[in-house]
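For reference, the structure discussed in these notes is given below.
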Amino acid sequence: MSSAGTADRISVIGLGLMGASLARTLVRAGHDVTVWNRTHSKAEELATEGATAVDSLVDALEASPVSLWCLLDYQMMAQLMGDPSNSKALRGTTVIPSATGGPADVRLVADILEPLGAAVLDAKIMFFPAQTGESTAELLLSGDQQAFAQHKGLLSDLAGVCRNLGDDVAAASVLYTAVWSYDFASRFAYMEAAALVTASGLDLEDFTKSAALRTAQFPEQNAELSDRFTRNHFDGDQASVDIYAEGVPPMMGAFSAVGLKALLLEGVGRYSDAAEHAGYGQKDVSVIYDMIRSRKL
Ligand SMILES: NC(=O)c1ccc[n+]([C@@H]2O[C@H](COP(=O)([O-])OP(=O)(O)OC[C@H]3O[C@@H](n4cnc5c(N)ncnc54)[C@H](OP(=O)(O)O)[C@@H]3O)[C@@H](O)[C@H]2O)c1
C-alpha cells in the first residue's frame, strides 16, 4: 500500500532509465500500474515485477484515470498526444508530463491537453533514477491544483519532497532550469578545477578534501546571497567586485601555465570586469546578480 494508504490506478508512459524507475517504485508502493513503452520488451520486464504491460498507448491511456509520461522531450509527447485515438483516450483524464524542457515545451503539451478537458500537472524530477522514492528526492510540480491535491500521496511515493509551485503549468520548468543550470555550472567548474590539479601533478585527493570544505559553506552563503537579493543590499566588506576582477587573471595564468583552458573561470572574469567597468568595483560581488537581472550584462 502507498505511503498515503491508498492505491491509485496509474499508467506510466515511457520506460527509459527514469520511467522504469518511477514505474517500479509505484508498483512497490502498492499502486495498480499499467506500463507502455515504444520498445515493448522494457514493458515486459516491468510486468515481471508486478506492472501490467500493454502493447498500445491507447490501451495504457484507457487503463487508468492518471498517466505519468516520462519521455525524452515534450515534442515527442505532443506528437503522441495529437494522434486522434490517443487524444480521445486522454479526454477528462489527469496527465502528469515529465521531461526536460522549458516553459514553451510544457505549454505545447498543455495546449493539446486542456481543450480535451484533461488536468495537467507538470512534474520535474530533481533526482537520479537510483534515488526514486527517497526522502531527499524532490519533485517540482505545477499546474492543476485539484490534481495535485488528489494525487499527493502517489507523488510522495516517488519523492519525499513534492514542491507545489501553483497553477501556472510552466512554473516547475522555470525552477527546474534554474536549479539544474546552477548544478551543471558547479559540476563543470569542479571538472575544470580538478583538471588543473592533476595537470599540475598535485594529488586529486587534496583537491577533493579542500573543495568539500568550501562547498560545505555554500548553503549558508547562498542563503546570505538570497537575502541580499531580496533586500537589494549590495554593499559589504567581505568580497568586493574588485577582488574578483583582480583575482581571476592570475588564476587564469595558472591554467594557461599547464596548457589548459578554463572557460567557466573566464566567464567569472567577464562578469567581474563588466561590473568593475560599470563602476561597481567597491560593491559586494552580489551586485552581479542585480546587473544580470536588470539586463545590464
Ligand atoms: N535519467 C535521469 O537521471 C533523469 C533525471 C531527471 C530528469 N530526467 C528526464 O527524464 C526524461 C527521460 O529520461 P530517461 O533517463 O528515462 O531517458 P532514456 O533512458 O533515454 O529513455 C527515453 C524514453 O523515451 C522513449 N522515446 C524516445 N523517443 C521516442 C519516440 N519517438 N516515441 C516514443 N517514445 C520515445 C524511449 O523509448 P524506447 O525505450 O523505445 O527507446 C524511452 O522510454 C528526460 O527528459 C530526462 O531529461 C532524467
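All ligand and atom numbering here is 1-based and tracks the order in the structure. Because the structure is predicted, anything quoted here is derived from the model rather than measured.
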For [atom], the protein heavy atom that lies nearest, with its residue and separation:
atom                    : value
atom 40 (O) of ligand 1 : T39 OG1, 2.5 Å
atom 19 (O) of ligand 1 : L17 N, 2.9 Å
atom 21 (O) of ligand 1 : G16 CA, 3.2 Å
atom 10 (O) of ligand 1 : C70 SG, 3.8 Å
atom 13 (O) of ligand 1 : M18 CB, 4.1 Å
atom 20 (O) of ligand 1 : L72 CD2, 3.7 Å
atom 47 (O) of ligand 1 : T100 OG1, 2.5 Å

Before giving the answer on side-chain hydrogen bond (donor to acceptor under 3.5 Å, both in side chains), spell out for Q238 and D284 the whole-Å C-alpha distance, their side-chain angles and the decisive distance to 0.1 Å.
CA-CA 7 Å; Q238 294 300 308; D284 183 86; over 6 Å; no

Which segment of [X] sits under 4.0 Å of ligand 1 when only heavy atoms are counted:
X    : answer
Q79  : neither
L15  : backbone
Y176 : side chain

Considering non-hydrogen atoms only, spot the tightest contact between [X] and [Y] and give its length.
X    : Y    : value
S64  : S11  : OG-OG, 2.7 Å
A123 : L139 : CB-CD2, 4.4 Å
A159 : A137 : CB-O, 3.3 Å
E44  : A53  : N-CB, 4.2 Å
A99  : L72  : CB-O, 3.9 Å
L165 : S142 : CB-CB, 4.1 Å

Selection from L57, I125, N37, T132 by shortest heavy-atom distance to atom 43 (O) of ligand 1
N37

For atom 41 (O) of ligand 1, which candidate among R38, M77, K124, Q75 provides the closest heavy atom?
R38

Ignoring hydrogens and geometry, is there a side-chain-to-backbone donor-acceptor pair from N37 to H40 under 3.5 Å?
no

Under 3.5 Å: donor-acceptor pair, side chain of H31, backbone of V27
no

Which ligand 1 atoms does [X] reach within 4.0 Å, using its non-hydrogen atoms?
X    : answer
M76  : 26 (N), 27 (C), 28 (N), 29 (C), 30 (C), 35 (C)
G14  : 43 (O)
K42  : 38 (P), 39 (O)
F128 : 3 (O)
F127 : 5 (C), 6 (C)
P129 : 1 (N), 2 (C), 3 (O)
L71  : 11 (C), 12 (C), 24 (O), 25 (C), 34 (N), 44 (C), 45 (O)

Worked check of salt bridge (charged side-chain N to carboxylate O under 4.0 Å, His left out) between R228 and D235
CA-CA 9 Å; R228 282 179 170 280; D235 293 329; over 6 Å; no

Let me see the working for D73 and M77 under side chain to side chain contact (heavy atoms under 4.5 Å, CB included), right down to the final yes or no.
CA-CA 7 Å; D73 61 43; M77 279 186 215; over 6 Å; no

Below 3.5 angstrom, do we get any N/O pair linking A99 and ligand 1?
no

In this structure, is the centre-to-centre distance between the rings of Y289 and Y271 below 6.0 Å?
no

